[in-house]
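Below is one structure, written out as structure tokens; the observations come after it.
Ligands are counted one by one from 1 in listed order, and the atoms in each one are counted from 1 as well.
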Amino acid sequence: MLLNDVLQATDNYLNSKTKTERKKIGQFFTSKETALFMANLSKCQKENIKVLDAGAGSGILSIALLEQLNNNDKIKSIEIDLYENDEQIVKLLEDNMQKAKLKIEKLQKYNIIKENFITKNKDNYNKIYDIVISNPPYKKIGKNDIESTIMENVVYGQPNMYFLFMAMAERLLKDDGELIFIVPRSWTSGTYFKKFREVFLNNVKLTNIHLFVSRDKVFNKENVLQETMILRALKTNKEPKDIIVTQSYSNDDFDNISTYNIDYSICVEKENERYVYLPLDSNDIKVLKTINGFNTKLKDIGLKLKTGLTVDFRNEEYLEKNASNNNVPLLSSIHFKDGIIKFPSNEDEAQYVRKDNRALLQKTTNYLLIKRFSSKEEKRRIQPAMFFKTDFEEYDFISTENHVNFIGSIDNKEIKKDLIYGLYGIYNSTLYDKYYRILNGSTQVNATEINNIPIPKENLIEEIGKKLQTKENITTEICDSILLEAISDE
Ligand SMILES: C[S@@+](CC[C@H](N)C(=O)[O-])C[C@H]1O[C@@H](n2cnc3c(N)ncnc32)[C@H](O)[C@@H]1O
């Protein structure tokens with residue numbers, strides 16, 4: 001197998017480099033099993049095929065795909081373009097492609113293009129390729145960098161090379177052509193990727209998604225902690241009935257994959273944020289169906305989740321350790337105790353904010369706070385705690401630390417206690433925690449996502465809140481049983 005030779009040569013190359021050098025150029029190579037899995041996703045049956053590998057590295061993905069296509073009787077000839085702008089690896093790529101030309105008889109021609117894939121195709125709007133396969137560079141770049149300006153139609157906020165590659169690859173794909181990528185899963189949610197999702201999901205339709213259960217086993221050699229996914233998409237307007245979702249433990253056990261089909265409409269949001277939900281089993285699908293079945297969002301009941309106002313390192317001069325007439329409580333994650341804000345905490349931290357910076361203050365009224373960050377070890381992503389003004393009567397104002405979010409009223413009205421309890425009941429439930437995990441692979445809880453998660457009607461949330469107040473404690477188990485009972489009665 002030619003692929004084995006290529007892998008060996010790549011290993012030798014890698015061993016000659018330092019980790020820092022590799023990281024700088026975003027060079028993480030695909031494993032043999034992943035390359036074979038990705039190559040096998042191709043269903044192309046055309047006689048003459050034009051292929052693109054964007055960011056080809058040593059050619060692992062190309063070789064895996066070419067060997068696969070060569071075994072397909074329907075295919076008569078293949079031409080491949082390989083973009084690679086790292087001069088050092090191009091030599092190895094050339095050696096490998098020369099070997100491929102000798103061994104893969106249907107390979108008519110290969111073109112190694114030693115240029116920047118994005119800038120080279122700046123004005124190229126031709127539909128050229130039948131198949132694009134890629135493990136693109138993962139690299140954050142500036143909004144004003146040349147690649148971002150070329151791809152400005154998909155850029156909002158912080159761009160990353162990987163999704164610019166996806167967008168450019170999609171542009172160069174023929175109608176009905178197929179696109180096979182291995183990428184972080186971050187593009188499936190989050191505001192920064194919204195413009196990209198809109199363009200991408202309008203032009204291609206996902207047919208396959210592969211997820212890795214373990215976070216750090218995808219790129220053995222580099223321990224990349226990014227959650228990674230493989231996707232296959234077709235350039236078509238026609239939505240498939242469903243998406244085939246597969247799952248493996250790591251990047252070397254593709255023999256042990258679980259497979260299931262999910263309705264396209266459950267997986268890919270047609271409007272609004274265009275999220276791509278990534279359910280892992282039939283229970284996750286049930287969670288999605290239940291919550292996406294609600295028609296209300298926070299804004300519909302006059303509420304909004306915002307991020308805490310005080311950024312400790314930026315507002316250091318206003319932070320104080322001891323209470324005085326000149327300062328107010330600064331609520332942060334250290335004050336979350338069993339679902340209630342308990343202030344002050346015993347921790348030796350600045351827990352007060354001086355009153356003289358009005359921008360850091362907010363009215364003392366009822367809020368639901370939600371932590372912005374959880375550690376991987378923590379059981380829950382969504383961790384809420386209730387704050388009631390009656391516990392802080394001596395203060396007209398309080399402040400919130402930037403590592404927490406808070407739900408308040410849009411027009412500064414007081415949120416009823418029942419509603420705060422009800423919101424706590426839903427966000428502290430297993431149902432909502434699972435939903436968030438399906439939506440977002442990271443450990444951060446983002447404001448836009450919470451603001452967009454559907455919730456039950458206001459009166460039902462209040463009912464949940466009333467019931468919760470009759471209970472001795474407000475654990476997730478109690479919240480689960482009240483929420484499930486309330487929504488099953490609906
Ligand atoms: C994540 S590696 C993948 C390599 C190879 N395709 C594989 O799967 O093993 C991404 C490759 O893209 C190349 N690259 C980075 N930026 C590029 C650009 N703007 N144009 C072309 N290639 C680029 C890097 O040098 C690197 O070899």
Side-chain angles (χ1 to χ4, degrees), residues 2-14 16-17 19 21-39 41 51-68 80-97 100 110-122 124 131-142 145-151 159-169 171-172 179-184 210 218-224 226 228-231 251-252:
L2 180 59
L3 183 59
N4 287 332
D5 294 351
V6 172
L7 286 157
Q8 187 56 56
T10 308
D11 254 4
N12 298 344
Y13 168 82
L14 269 181
S16 73
K17 297 232 146 201
K19 187 166 177 171
E21 276 177 304
R22 274 174 276 153
K23 186 136 198 186
K24 223 169 76 198
I25 40 180
Q27 230 170 54
F28 302 113
F29 299 101
T30 310
S31 74
K32 175 180 176 180
E33 293 78 6
T34 304
L36 289 172
F37 178 83
M38 288 173 69
L41 285 177
V51 180
L52 163 69
D53 183 346
S58 63
I60 294 172
L61 277 179
S62 290
I63 302 289
L65 180 66
L66 290 170
E67 289 198 306
Q68 206 275 105
I80 184 166
D81 286 351
L82 305 106
Y83 279 84
E84 178 51 64
N85 70 345
D86 175 13
E87 274 179 23
Q88 297 185 53
I89 191 117
V90 160
K91 167 83 184 66
L92 178 58
L93 182 61
E94 276 185 347
D95 288 352
N96 289 335
M97 290 312 296
Y110 68 86
N111 313 299
I112 296 178
I113 304 164
K114 297 173 205 162
E115 309 232 21
N116 182 323
F117 172 58
I118 303 291
T119 52
K120 176 74 181 165
N121 289 295
K122 178 172 180 273
N124 191 354
I131 308 175
V132 182
I133 195 158
S134 175
N135 174 0
Y138 176 86
K139 198 163 113 210
K140 285 182 182 155
I141 58 170
D145 286 4
I146 177 79
E147 292 91 345
S148 311
T149 46
I150 291 172
M151 304 304 290
N160 194 310
M161 282 294 267
Y162 87 81
F163 77 84
L164 303 187
F165 265 55
M166 288 167 82
M168 180 60 91
R171 200 168 95 185
L172 300 175
L179 186 143
I180 302 165
F181 265 75
I182 180 163
V183 282
H210 183 83
V218 181
F219 296 101
N220 285 336
K221 296 191 175 64
E222 306 298 339
N223 231 6
V224 176
Q226 276 294 325
T228 307
M229 69 188 290
I230 293 169
L231 63 98
N251 68 344
D252 53 13

Q | Enumerated ligand 1 atoms positioned under 4.0 Å from heavy atoms of Asn135 | A | 1 (C), 2 (S), 3 (C), 8 (O), 10 (C)

**Q.** Contact (N/O only, under 3.5 Å) between Asn116 and ligand 1
**A.** yes

Q | Heavy-atom proximity to atom 1 (C) of ligand 1, best of Phe117, Phe28, Phe29, Phe165 | A | Phe28

Q: Apply side-chain contact (heavy atoms from CB on, under 4.5 Å) to the pair Leu52 and Tyr83, showing each step before the final yes or no.
A: CA-CA 8 Å; Leu52 163 69; Tyr83 279 84; 3.4 Å; yes

Q) Is Lys139 paired with Glu147 through a side-chain N to carboxylate O contact shorter than 4.0 Å? A) no

Q. What part of Met161, side chain, backbone, both or neither, has a heavy atom within less than 4.0 angstrom of ligand 1?
A. side chain

Q: List every atom of ligand 1 that sits less than 4.0 Å from any heavy atom of Leu61, numbering the atoms from 1 in the order shown and giving each element.
A: 8 (O)

Q. Would you say Leu82 and Leu93 make side-chain contact, with heavy atoms under 4.5 Å?
A. yes

Q) Under 3.5 Å between some N or O of ligand 1 and some N or O of Thr30? A) yes

Q.
Please evaluate residues Val183 and Thr228 with respect to the criterion side-chain contact (heavy atoms from CB on, under 4.5 Å), reporting the C-alpha separation (whole Å), side-chain torsions for both, the decisive distance (0.1 Å), and the verdict.
A. CA-CA 6 Å; Val183 282; Thr228 307; over 6 Å; no

Q.
Can you confirm whether Leu66 sits close enough to Met97 that some side-chain heavy atom of one is under 4.5 Å from a side-chain heavy atom of the other?
A. yes

Q: May I ask you to list the atoms of ligand 1 that are less than 4.0 angstrom from any heavy atom of Gly57?
A: 4 (C), 5 (C), 27 (O)

Q: Return yes or no for this condition: an N or O of Pro137 is under 3.5 Å from an N or O of ligand 1.
A: no

